[in-house]
Amino acid sequence: MKKYLLILLLAGCGFHPMFVGDDADVYVPPIRGINGIELRNALNAKFGGQHDSNAQYTLTVNLAAPVTQYKALEPTGDASWREVQLTASYTLTRGAETIATGQERASESYAFVRYLVAANASYNNAVQNTIKQLSDKISTRVFAETYKYAQKTPVQQ
């Protein structure tokens, strides 16, 4: 009964979901670097797979090199906790028209240990988590902007 009441309330308020499972026709050109490849793959997964350059929208992303900061120091002066931060600037276009530009940042903390293999694994996991956060942030903004743009312009068929 509660489920039906919720559906009736949402139907009456004019609520319309922005993204209902349709693939977004967004082309993401290659992004420089290993992390750029990972970010591009994550974005393509969000948009329903890789699209070619003839897609309706183009999302150009510039990914800065990771920045690492010390977050905790041992009494000996050794770092035991670090944070990695990635910054991506992007431009969403349709043809020659720029629809949105922006910049997103994401960061992840990780334990820094003395053992090289463990330290590298911890760092790499932090970078992967940061890339996932960036793809979530950027794709959400792209879905919002493409939806808003589609509502303003009449559909040409």
Side-chain angles (χ1 to χ4, degrees), residues 1-71 81-111 120-157:
M1 181 66 180
K2 291 180 184 179
K3 186 183 345 178
Y4 296 118
L5 182 61
L6 179 63
I7 291 171
L8 287 174
L9 287 173
L10 287 177
C13 73
F15 172 77
H16 177 69
M18 178 176 65
F19 179 67
V20 291
D22 298 330
D23 291 342
D25 192 17
V26 178
Y27 169 65
V28 182
I31 305 169
R32 184 176 42 96
I34 296 293
N35 295 332
I37 293 169
E38 294 293 330
L39 179 58
R40 182 177 187 234
N41 289 341
L43 287 169
N44 281 331
K46 297 280 185 188
F47 301 140
Q50 186 171 341
H51 298 272
D52 63 8
S53 59
N54 295 326
Q56 187 175 12
Y57 301 98
T58 301
L59 177 66
T60 306
V61 180
N62 293 315
L63 183 63
V67 175
T68 305
Q69 298 176 346
Y70 298 117
K71 297 306 251 182
W81 202 256
R82 289 186 179 178
E83 179 184 68
V84 63
Q85 182 181 70
L86 286 172
T87 303
S89 57
Y90 59 89
T91 304
L92 179 66
T93 58
R94 180 170 183 204
E97 182 179 4
T98 299
I99 297 171
T101 60
Q103 185 179 57
E104 294 292 345
R105 284 188 176 92
S107 63
E108 179 85 11
S109 296
Y110 65 98
N120 284 339
S122 185
Y123 171 80
N124 290 336
N125 287 337
V127 170
Q128 290 301 312
N129 291 339
T130 306
I131 289 171
K132 184 183 178 321
Q133 289 175 26
L134 277 177
S135 71
D136 288 344
K137 289 179 174 184
I138 293 171
S139 64
T140 300
R141 176 79 189 277
V142 167
F143 284 129
E145 293 297 335
T146 56
Y147 178 79
K148 187 168 60 174
Y149 184 81
Q151 297 303 310
K152 286 194 293 188
T153 59
V155 177
Q156 304 279 332
Q157 290 191 10

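These numbers were taken from a predicted model, which means no experiment stands behind them.
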Which is it for Thr60 and Ile31 under the side chain to side chain contact (heavy atoms under 4.5 Å, CB included) test, yes or no, and what are the steps along the way? CA-CA 8 Å; Thr60 306; Ile31 305 169; over 6 Å; no
When you look at Leu43 and Val61, which way does the side chain to side chain contact (heavy atoms under 4.5 Å, CB included) test go after all the steps? CA-CA 10 Å; Leu43 287 169; Val61 180; 4.1 Å; yes
Dump the intermediate steps for side chain to side chain donor-acceptor pair (under 3.5 Å) on Tyr27 and Gln50, then the final yes or no. CA-CA 7 Å; Tyr27 169 65; Gln50 186 171 341; over 6 Å; no
Working note: Phe143 + Phe47, criterion ring pair (Phe, Tyr, Trp, His ring centres under 6.0 Å); need CA distance, chi angles, decisive distance, verdict. CA-CA 9 Å; Phe143 284 129; Phe47 301 140; 5.6 Å; yes
I would like to know whether Gln133 and Glu108 meet side chain to side chain donor-acceptor pair (under 3.5 Å); could you show each step before the answer? CA-CA 9 Å; Gln133 289 175 26; Glu108 179 85 11; 3.2 Å; yes
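Remark: of the listed residues Gln103, Arg141, Lys137, Arg141 is the sole one forming a side-chain hydrogen bond (donor to acceptor under 3.5 Å, both in side chains) with Tyr90. Among the candidates Thr93, Val142, Ile99, the single residue satisfying the side-chain contact (heavy atoms from CB on, under 4.5 Å) test with Tyr57 is Ile99.
For Ser107 (side chain) and Val84 (main-chain N/O), no donor-acceptor pair under 3.5 Å exists by modelled atom type. In this structure a side-chain-to-backbone donor-acceptor pair under 3.5 Å is missing from Asp25 to Ala55.
Closest approach of Arg40 and Val28 over heavy atoms only: NE-O, 2.5 Å. Minimum interatomic distance between Ile138 and Ala88 (heavy atoms only, all atoms of both residues): CD1-CB, 4.0 Å. Closest heavy-atom contact between Leu86 and Ala64: CD2-O, 3.7 Å. Taking each heavy atom of Thr98 and Thr101 in turn, the nearest pair found is CG2-CG2, 3.7 Å. When all heavy atoms of Pro66 and Asn35 are compared, the pair lying nearest together is CG-ND2, 3.5 Å.
From Ser139, atom OG reaches atom CG of Asn44 across 11.0 Å, with rounding to the nearest 0.5 Å. Rounding to the nearest 0.5 Å places CG of Leu63 at 8.0 Å from CZ of Arg32. Remark: Gln85 CD to Leu134 CG distance equals 9.5 Å, nearest 0.5 Å. Taking CD1 from Ile34 and CG from Leu39, the interatomic distance works out to 13.0 Å, rounded to the nearest 0.5 Å.
Counting heavy atoms from C-beta on, the side chains of Val26 and Thr58 never come closer than 4.5 Å. Residues Lys46 and Asp136 meet the side-chain proximity criterion, which asks for heavy atoms closer than 4.5 Å. With a 4.5 Å cut-off on side-chain heavy atoms, Arg94 and Gln56 count as touching. Side-chain contact between Glu83 and Tyr110 is absent, with no heavy-atom pair separated by less than 4.5 Å.
Taking 4.0 Å as the cut-off between side-chain N and carboxylate O, Lys148 and Glu145 count as a salt-bridged pair.
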